[in-house]
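Residue indices begin at 1 and follow the sequence shown. Below, all heavy atoms of this structure are taken into account, side chains as well, without hydrogens, waters or symmetry copies.
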Amino acid sequence: MLDEDDVGPADEALLDMLQEGRVTAPFAADETGYSLQYVRDRLGRLVEHGNARKVYEGLYELVEDPRGGDDA
């Protein structure tokens, strides 16, 4: 799991979106203004560290918020 200190601005935005429900990378990129590839990289990092999971091809959901907020 990522520590709260490891969370950058893009991660913050993605975690906020994941708190509200499942997201796709293209949707998250449109909503945040970050590039699609960057969002995919950040979502992959969240999955790699166990904070999010890929539930279907391109669809992500929150597992645990490293910021100490509520879990999914």
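- Linking ILVMFWY side-chain heavy atoms closer than 4.5 Å, directly or via other members, places Val63 and Leu59 in two distinct hydrophobic clusters.
- Across Lys54 and Gly58, no two heavy atoms sit closer than the pair CE-N, 3.8 Å.
- With rounding to the nearest 0.5 angstrom, the CZ atom of Arg42 is 10.5 Å from the CD atom of Glu48.
- Taking 4.5 Å as the limit, some side-chain heavy atom of Leu43 sits within range of a side-chain heavy atom of Leu18.
- Arg22 CZ to Arg53 CZ: the interatomic distance, rounded to the nearest 0.5 Å, is 8.0 Å.
- Annotation: side chain of Leu14 is not in contact with side chain of Arg45 (no heavy-atom distance under 4.5 Å).
- Cluster annotation: Met1 is not connected to Leu62 through the hydrophobic network of ILVMFWY side chains, with a link wherever side-chain heavy atoms come within less than 4.5 Å.
- A donor-acceptor pair under 3.5 Å is absent between the side-chain atoms of Asp30 and the main chain of Phe27, judged by distance alone.
- At a threshold of 4.5 Å between side-chain heavy atoms, the hydrophobic network of Ile, Leu, Val, Met, Phe, Trp and Tyr places Tyr38 and Val23 in one connected group.
- The CD atom of Glu64 sits 12.0 Å away from atom CG of Leu46, with the distance rounded to the nearest 0.5 Å.
- If you chain together hydrophobic residues whose side chains sit under 4.5 Å apart, Val47 and Leu15 fall into the same group.
- Annotation: the span from Arg67 atom CZ to Gln19 atom CD amounts to 6.0 Å, rounded to 0.5 Å.
- The two residues Val39 and Ala25 have their closest heavy-atom pair at CG1-O, 3.7 Å.
- Residues Met17 and Thr32 are in side-chain contact: their nearest non-hydrogen atoms beyond the backbone lie under 4.5 Å apart.
- Remark: side-chain polar atoms of Asn51 are paired, donor with acceptor, to backbone N or O of Leu2 under 3.5 angstrom.
- The structure places NE2 of His49 at 9.5 Å from CG of Asp11, a figure rounded to the nearest 0.5 Å.
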